[in-house]
Amino acid sequence: MKPNPEIQLQVRRATCQACGMGEGEDTRCITGYGPSDADIMVISKLPNSPKYQELLLDELERAGLDPDRMFFTGALKCRNFDRSPSKADLKTCHQYLEKEILLVEPKWILVLGNEALQATVGRSGITKYRGQVFDYGEVKVMPTISPNSVVRNPGQRTGFTADIQYFAAQVSGVSVTEEIHEHKVADTKARLKELIADLKRADAMAFDVETQGFDEFKEGAGMVSLAVTLMGEGMTPHTMWAVPLKHPGSAWRRQWRRVLEVLAPHLSAVPRRVGHNGKFDCRWLRHHKVPIVETFDTMLAAHVLDENRAKGLKPLARMLFGADPWGIDTKELDTLPIDDVLRYNALDTYWTFRLYEKFKDDFRKERRLFRVFALLMMPANEIFIEAERYGVWIDPELLATNYEIAKRTLEDFHTELMQWVPDDHPGKVNFNASNFARWWLFDHLGLPVLKEGKTGPSMAEDVLLELRDAHPCVNIMLERVKWNKYVTSFLKPYTELRDDRGRIHTTFKLHGTVTGRLSSGKIEADKVSGRTKIRGVNLQQVPRDTFIRGLIGAPPGWAFVEADFSQIELRVVAFLSRDSTMLRLYQTGQDIHRATASWVLNKPPSEVTKDDRKKAKAVNFGFVYGMGARKFVHTAFTKYGLRFTLQEAQAIRRSFFEQFAGLPAWHARQRRLAAEYRRVQSPLGRTRHLPDMASGDEGVRAEAERQAINSPVQSFASDLTLLSMVLLDQYFRKHDLPVHILGTVHDAINFEVREDALARVLPVIRDTMGNLPLEKKFGIRVDVPILAELKVGRHWGGAHELTDDEIDHWGTKKVDW
DNA sequence: CACCAGGGCGCG
DNA sequence: AAAGCGCGCCCTGGTG
């Protein structure tokens, strides 16, 4: 493709060295090609490579556009594959792009990829902005993802196609989406009756509520509206209903609770109840006494079917159906006309229902994934609705005490550190990794710079550890980092976010990771504004230090119980790799961490201490998942203070793989599978897509290979926790036991158990986790023993580890907990 | 003021 | 040539 000579003549500066990207005459300042009077301009990051261009042209033609009538150009004019462009480079280069736009005067611009987006309209966040049309002066701009990412990840193809088709439709002035019929509004008693009659006839329903804010516990927060899309025998397909609730313009604004009460039994009675992130809606509905249970969640289905794609309702609807945008552009629903809110609400349920139909169909071809979805994810989702509502108890006195101690400690550190700060220091005193701290440590005090990051000298823990003897302030700095983290990340939020029962709340995401693990956080996305808000805390990163973990516990009369799988990931490694040594060790009831400690430290297993075992853990996990000798030297020192030479580390690594001689073959198998299929699967069928296996960059590919090794392990181990939790929940409900599931931490489940029920509950937890019905539920036989270890205490931190005898005879003997 | 990336670190 | 994996939160400094 030859550059358009006319444009080239007016725009190109062949000597440009503004950013230094261009290396030679033929790679420097390449302007675009295509007719100078094109109506449509396509902007990519770089001048397109042939492979990239082929896919793009294919999509454009499929969408009915004529590439010969379009002008193609790059946001960056120079080609240099050895250097990735910075924001500054894009900015420097912008002048050329701007000239091209002025000369061609397109009516439409299609922007491909985040860099091009940044360069063209100055915004970043392609997943957020893709598929939306913006005004850029006189020109209409629509961004979408780069074809390059589609080449690397075929799963992105449908979404990319949808965006291009949408673009084509916009250009030609024709909408690709179907006409969606009107929703009915239940704003009179007669209409409510009609809705109830429809609910009775329906056999499936998508539901959604609009709320005032994100926190159902917030004083005075209510539901603005409720909508459903219904499907049933003899009904108009996709019958949409919207119910105005606590909105200023609502007919029911004074009786909205009463309306909900009337609707509640009928909503719950529809056989199939579908939500998109319905956990959120269910939490609100239950808070207002509508006991609805979700049977199918389209966001979770989307995630388990493809872990990499966007999971929001709008991107999914657009990608899969070419839906027109229907968002509301405001934070305050109350200030919008009620009709707009109701339409928006109704459309949410319409598209949710469409997704439900599609994913139900997809699952027919993915039976194993459907089992994971139906047997693990949906029941777990239900458990988390309650767990998030219930929260965990924080010891109020201890919290107050420790918060004070920590704050005072930090002040003391500050005072001590100030003695080495000169009066004429530049800027503000700030001991966090800031310009001041760097100046102070490395310029003023003259400590050597051992590690340099992109933004300056590193002040990370490992660096400071090496500098310990160089200056007395270093030890204080190290301690300060820890205590500062305690205050800002834990003590402060715990204090501020307790509810009136002294409990803190979290959000669990079943769609938060690529492996199927859960993520936990304080975040609750506000779907209207798109922003995230504080609702609670992350309960998967509570420091193990009893100073913090000892604050979390059970209120009087209850006990905190933690059940965690013993060495679960290594057991899964044994199962998947078939390494005979690992299998034998576990089958004969031995402990691999202890075994490793024994031969690394060269002492008999009986003399291995707890600390030795902890070190061995790092060895095992590291090497199993592909760590090299160099990194081993580093972690052994920074985490455990052990000094190894590179030669020693290489020897340990070699002998590790001699000890577990089955592992290299397993690694090779995972690499081969990943290379061939560009994805790997867990024993339950969870899929991890690894598009980077196609990368030309060896480092990128090697990373994908390590992920291919780790993912099935992490995924399966995590599903074992999920299965345990689901089975235990069923048991507790069936026998009406006073137990609250508080949440999971990857390989552990936390419970709050009423003290008088411990004797009954403890053995059930141990036995359920130790005898999972994997063959019955999933058709797989696991020949490695899986077992759980139980702890009980007033608090999480420092809880008492239970022996089998104590579990079996709880209450008959005195146990100190 | 909002947003973003990077650094650093809490957990498994 | 070398490269553990998976998360979320807080802070800083730069940018618009």
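Note on naming: letters A, B, ... go to the chains in the order of the sequence lines (proteins, then strands), and numbering restarts at 1 for each one.
- More than 12 heavy atoms of other residues, nucleotides or ligands sit less than 6.0 Å from atom NZ of A:Lys407.
- A:Ser718 comes within 4.0 angstrom of no nucleic acid atom, judged by non-hydrogen atoms across all strands.
- Of the possible polar contacts, one joining the A:His425 side chain to the A:Gly427 backbone as a donor-acceptor pair under 3.5 Å is found.
- Of the possible polar contacts, one joining the A:Ser434 side chain to the A:Asn432 backbone as a donor-acceptor pair under 3.5 Å is found.
- Within the 4.0 angstrom heavy-atom criterion, no nucleotide atom of any strand lies near A:Asn484.
- Between B:dC11 and A:Arg549, no contact under 4.0 Å exists linking OP1 or OP2 to a side-chain N or O.
- Distance from the side chain of A:Lys631 is smallest to C:dG4 among B:dC9, B:dG10, C:dG4.
- Rounded to a whole Å, the CH2 atom of A:Trp483 is 23 Å from the P atom of B:dG8.
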With pairs defined as Watson-Crick or G-U wobble and both distances under 3.5 angstrom, please note down DNA chain C as a dot-bracket string, | for pairing with another strand.
-> ....||||||||||||
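- Nearest to the side chain of A:Arg688, among C:dG8, C:dC10, C:dG6, sits C:dG6.
- Side chain of A:Lys482, nearest nucleotide from B:dG10, B:dG12, C:dG8: B:dG10.
- Among B:dC9, C:dG13, C:dG4, the nucleotide with an atom closest to any side-chain atom of A:Lys485 is B:dC9.
- By the ring pair (Phe, Tyr, Trp, His ring centres under 6.0 Å) test, A:His511 is found to be paired with no residue, residues two or more places apart in sequence or in another chain being considered.
- At the phosphate of C:dG6, OP1 or OP2 sits under 4.0 Å from a side-chain N or O atom of A:Gln707.
- The backbone N or O of A:Thr507 lies less than 3.5 Å from no partner atom in the side chain of A:Glu388, so there is not a single donor-acceptor pair.
- Closest to the side chain of A:Asp747, out of C:dG4, B:dG7, B:dG12, is B:dG12.
- Looking at heavy-atom distances under 4.0 Å, A:Gln714 makes contact with a base.
- A:Phe490 places its CZ atom 14 Å from the P atom of C:dG8, with the value rounded to the nearest Å.
- If you check residues 425-434 of chain A against DNA chain C, the residues with a heavy atom closer than 4.0 Å are A:Asn430, A:Asn432, A:Ala433, A:Ser434, listed by number.
- Between the base of C:dG6 and the side chain of A:Arg517 there is a donor-acceptor pair shorter than 3.5 Å.
- At the phosphate of C:dC10, OP1 or OP2 sits under 4.0 Å from a side-chain N or O atom of A:Lys522.
- Checking C:dG13, B:dG8, C:dA3 against every side-chain atom of A:Arg630, the shortest atom distance belongs to C:dA3.
- At the phosphate of C:dG6, neither OP1 nor OP2 sits under 4.0 Å from any side-chain N or O atom of A:Thr513.
- A donor-acceptor pair under 3.5 Å is formed between the side chain of A:Asp579 and the backbone N or O of A:Gly662.
- Listed nucleotides: C:dG4, C:dG8, B:dG10. Nearest to the side chain of A:Tyr625: C:dG4.
- At the heavy-atom level, A:Thr635 lies nowhere under 4.0 Å from the strands shown.
- Taking the charged nitrogens against the carboxylate oxygens, A:Asp692 and A:Arg701 have no contact shorter than 4.0 Å, which rules out a salt bridge.
- A salt bridge links A:Arg517 with A:Glu569: the closest approach of a Lys/Arg side-chain nitrogen to an acidic carboxylate oxygen falls below 4.0 angstrom.
- Using a 4.0 Å heavy-atom distance criterion, A:Val481 is classed as a sugar-phosphate-only contact.
- Between A:Asp462 atom CG and B:dG10 atom P there is a gap of 12 Å when expressed in whole angstrom units.
- Taking the ring axis of A:Phe490 as reference, the NZ or CZ atom of A:Lys492 does not stay both within 45° of it and closer than 6.0 Å to the ring centre.
- Rounded to an integer number of Å, the gap from A:Tyr494 OH to B:dG10 C1' is 10 Å.
- You won't find any donor-acceptor pair under 3.5 Å spanning the side chain of A:Glu698 and the base of C:dA1, going by distance alone.
- Across the protein-nucleic acid pair, A:Ile652 atom CD1 and C:dG4 atom P stand 15 Å apart, rounded to whole Å.
- Remark: A:Thr455 is not in phosphate contact with C:dG13, judged by side-chain N or O atoms under 4.0 Å from OP1 or OP2.
- Side chain of A:Thr687 to backbone of A:Gly685: a donor-acceptor contact under 3.5 angstrom is found.
- Residue contacts for A:Val514: at a heavy-atom cut-off of 4.0 Å it reaches the sugar-phosphate backbone alone, with no base atom in range.
- The distance from atom CE of A:Met459 to atom P of C:dG13 is 11 Å, rounded to the nearest whole Å.
- Across all strands shown, A:Val542 has heavy atoms under 4.0 Å from sugar-phosphate atoms exclusively, and none from any base.
- As rounded to whole Å, 13 Å separates atom P of C:dA3 from atom CZ of A:Phe632.
- A pairwise comparison of heavy atoms in A:Val633 and A:Thr645 identifies CG2-O, 3.9 Å as the closest pair.
- With hydrogens and angles disregarded, a donor-acceptor distance shorter than 3.5 Å links the side chain of A:Ser520 to the backbone of A:Leu539.
- If you measure from atom CH2 of A:Trp439 to atom C1' of C:dT12, you get 18 Å, rounded to the nearest angstrom.
- Contact between the side-chain N/O atoms of A:Arg544 and the OP1/OP2 oxygens of B:dC11 is not found at any separation under 4.0 Å.
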